[in-house]
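Below is one structure, written out as structure tokens; comments come after it.
Worth saying up front: this structure is predicted, and the values here are computed from it rather than measured. Chain identifiers are assigned alphabetically (A, B, ...) following the order of the sequence lines, protein sequences preceding nucleic acid strands; residue numbering begins at 1 within each chain.
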Amino acid sequence: MPESPQLLPLELPDGSVTEVAPGTTPLAVAAGIGPGLARAAIGAELDGRAIDLRLPLTEGGRFRLFTARDPESGDFIRHSAEHVLADAVKRLWPDVEIDVGRVDHSEKFQYDFRFERAFTPEDLEQIEAKMREILAEDHPFERQELEREAAAELFRGMGESLKVERLADIPEGEPISIFRDGDFTDLCRGPHVQRLSQIGAVKLLEASGVYWKGDDRNEMLQRIYGTAFATADEMKAYEEQFEAARARDHRKLGPELDLFSFDPLAPAMPFFHPKGAFIYNELVDFVRELQNGRGYGEVVTPQILDIDLWHASGHYDYYREGMFFTEAEDKSMAVKPMNCPTHCLIYKTRLRSYRDLPIRYGDFGRLHRYEKSGVTSGLTRVRSFAQDDAHVFCTPEQSEDEVLAAVEMIREIYDTFGFDDQLELSTRPEKRLGSDELWDRAEATLEAALARTGLDYDVNEGDGAFYGPKVDFQIRDAIGRSWQLGTVQLDFQMPERFGLQYIGADGAEHQPVMIHRAMLGSIERFIGILIEHTAGAFPLWLAPVQAVVLPVSEKFGEYAAGVRDRLVEAGARAELDGRNEKLGYRIREAQLAKVPYMLVVGAKEEEAGTVAVRLRTGEDRGPQPTDALAEHIGKLTRTRSLEL
RNA sequence: GCCCACGUGGCUCAGGGGUAGAGCACUUCCUUGGUAAGGAAGGGGUCACCGGUUCAAAUCCGGUCGUGGGCUCCA
């Protein structure tokens, strides 16, 4: 393609290429395409990077324009709403100093203020009303670049000392831009919408105290959160989605379904009731079955160990704040927060040959971690939990195969639950132990194993553990949220600290590699995620009660009991609800309990030896022979099917 | 840990300086009813805990505990 050196080629979404002079703004490009587009445009994107409509272009690339119809315009809208929020607060309390705002991934924006007190819910209402007034003024955003000193002077003159300090954090060489809308001016990189009227709906959500720059040694500022959309309909959809998420909150559903509870006498430590414990044990059995067939040996190790062990493992130095301690007979002991050191002790009980390796230990032991009081939450962040934890001790040569095998097993597990997963490779962090050669080798091992899976993966530079790189698994649940579950980590430090050895083919001592592996992660947390993923309607194989038999009236109680017994004999988890209530009432209760099968029996069924099958989905399967149903349930349960 | 909000029977919530209310759930009785709530009666709470103010505190004040939202970076 012939290319004039002065012109920038822009590849438009339809594949055509237009060339513009350097310094042309996206807005001018839009105007060149059509005046309607220029009016409707909210923002632009160059090579996947969001850019402001007023930012002069300095290079070409793949170019797109966004209007209110594009979901990408949301960030432009929310980023602009930040300014409106700050403007509103300044109009109401002129002495407030503004810090910075930002948007996050969950359709929210925020702004931090230096204010002498916390914002109250009444303040938020007042601010929101003021924001609506400002939006109605429909000012355009104007972008301006300033020299560093001029910007500093501007904000000093405005009494915005926090801004002046923020200014100093901007690296040399980066352009310093300000945006104005009406009388409000803010230091900002953008990008913003063209005009305030493009922000169709705003809502303030909550306020919270935050440390300046997130550091608890700094002063506390007051943050306000809000959300904004192009249209009121989108705002409504957001609110509905929020409500939907609340309705499947495991902290609400869990106690409601009688799965677990908490007690203030053991904060953040769940009590699993029989139904919850059933699911718990079923998950453990599933993992046990999978890994025992792949050369793992399950071990059981102590809960409380001498503090010396934790000094040796490094946990005392690195992880002390996260541990529980106790003592007995003048000995300091610690409750284990992780299993790995105990597995090292087992490894060391005898001399290992390279012929013994790999050695794979699985452990479902209970772990305790002292999570700070403000960070615990339901089952997803607890102080007492178990993991489907395993450690593989192997030779460096075996490590790639072992990583590959672990990754494949993890994917098999997620398939069973219908989770889509995404792999992430996390590489050496700044703060780390071990030589660069060791890290080179470890990262190469993980990369090689991932390459052999043929799967796509993201790389998180610098996100590895201090003792080694890792592969993490992110899954996406039914309402689109992602969770990190499984992990495969390489560790050269623990073998070193515990002096682990094996005798190689050469008769000399060598150090084994240790692989940490979890698939579901914490069982507790996984149950929480599963409750929210399924909204409490567990797959049949995990449903604590699979079927409830409902006699139409007490006359058919005996037949119903017989049906229940036949199902139970066939291995199904069936119950009888012969209470003195109307059928509709008992159906409703079974439905709310998310029981997969509701089996209605009356005269017709008794005569034919059948049950009338109703599913929790509302589907009516009609009459079916009891034996056939028992077999059906048994088969789906054995195969851990997601079908009903 | 820090900021803010909240804590009334099993659940959802009303009340609010003068020694507690509703609906659902629970128990009993009536009803024997064919696919999401039949009717009646009854039992159940030291209003999270500790302390203070007051003639009087569930209510006001302080503290404690617990729960919820938030607290790296992205000016």
Any N/O pairs under 3.5 Å between the protein and nucleotides 38-49 of chain B? List them or say none.
none

Answer yes or no: is there an ion pair linking [X] with [Y], defined by an N-O contact shorter than 4.0 Å?
X	Y	value
A:Asp75	A:Arg78	yes
A:Glu145	A:Arg143	yes
A:Arg246	A:Glu532	no
A:Lys213	A:Asp99	no

### Task
Just call it for A:Glu605: base, sugar-phosphate, or nothing, with non-hydrogen atoms closer than 4.0 Å on any strand.
base
### Task
Could you check whether A:Phe115 gets within reach of a base, just the sugar-phosphate, or nothing at all, counting any heavy atom under 4.0 Å?
nothing
I'd like to know if the side chain of [X] pairs up with that of [Y] as donor and acceptor (distance under 3.5 Å, no hydrogens or angles considered).
X	Y	answer
A:Glu97	A:Ser161	yes
A:Asp186	A:Tyr111	yes
A:Gln591	A:Arg614	yes
A:Arg566	A:Thr626	no

Polar-atom pairs under 3.5 Å, protein N or O versus N or O of nucleotides 62-72 of chain B: list them with distances, or write none.
| unit_1 | atom_1 | unit_2 | atom_2 | d |
| --- | --- | --- | --- | --- |
| B:rG68 | O3' | A:Arg251 | NH1 | 3.3 |
| B:rG69 | OP1 | A:Arg251 | NH1 | 3.0 |
| B:rG69 | OP1 | A:Arg251 | NH2 | 2.8 |
| B:rG69 | OP2 | A:Arg251 | NH1 | 3.2 |
| B:rG69 | O2' | A:Glu206 | OE1 | 2.8 |
| B:rG69 | O2' | A:Glu206 | OE2 | 3.2 |
| B:rG70 | O3' | A:Tyr225 | OH | 2.7 |
| B:rG70 | O2' | A:Ser208 | OG | 3.1 |
| B:rG70 | O2' | A:Tyr225 | OH | 2.7 |
| B:rG70 | N2 | A:Gly209 | O | 3.4 |
| B:rG70 | N3 | A:Ser208 | OG | 3.4 |
| B:rU72 | O3' | A:Lys213 | O | 3.3 |

## Note on the structure
ring pair (Phe, Tyr, Trp, His ring centres under 6.0 Å) test vs A:His192 passes for just one of A:Phe76, A:Phe179, A:Phe184, namely A:Phe179
Would you measure the distance from the [atom1] atom in [N] across to the matching atom in [M] and give it in whole Å?
N	M	atom1	result
B:rG18	B:rC30	P	44 Å
B:rA40	B:rC55	C1'	45 Å
B:rA48	B:rG7	P	8 Å

### Summary
Looking only at B:rG34, B:rA75, B:rC26, the nucleotide nearest the A:Arg579 side chain is B:rC26
### Query
Does a side-chain N or O from A:Arg588 land closer than 4.0 Å to OP1 or OP2 of B:rA37, or not?
no
### Query
Within this structure, what is the NZ-to-C1' distance between A:Lys372 and B:rC3, rounded to whole angstrom?
14 Å
### Message
Between A:Arg586 (side chain only) and A:Asp577 (backbone N and O only), is there a donor and an acceptor less than 3.5 Å apart?
### Response
yes
### Query
Does the A:Arg573 side chain pair with the main chain of A:Ala543, one donor and one acceptor, at a distance under 3.5 Å?
yes
#### Entry: RNA chain B base-pair string [pairs: Watson-Crick or G-U under 3.5 Å; |: paired with another strand]
((((((((.[[[[.)..(..]]]].(((((.......))))).....[[[[[..)....]]]]])))))))....
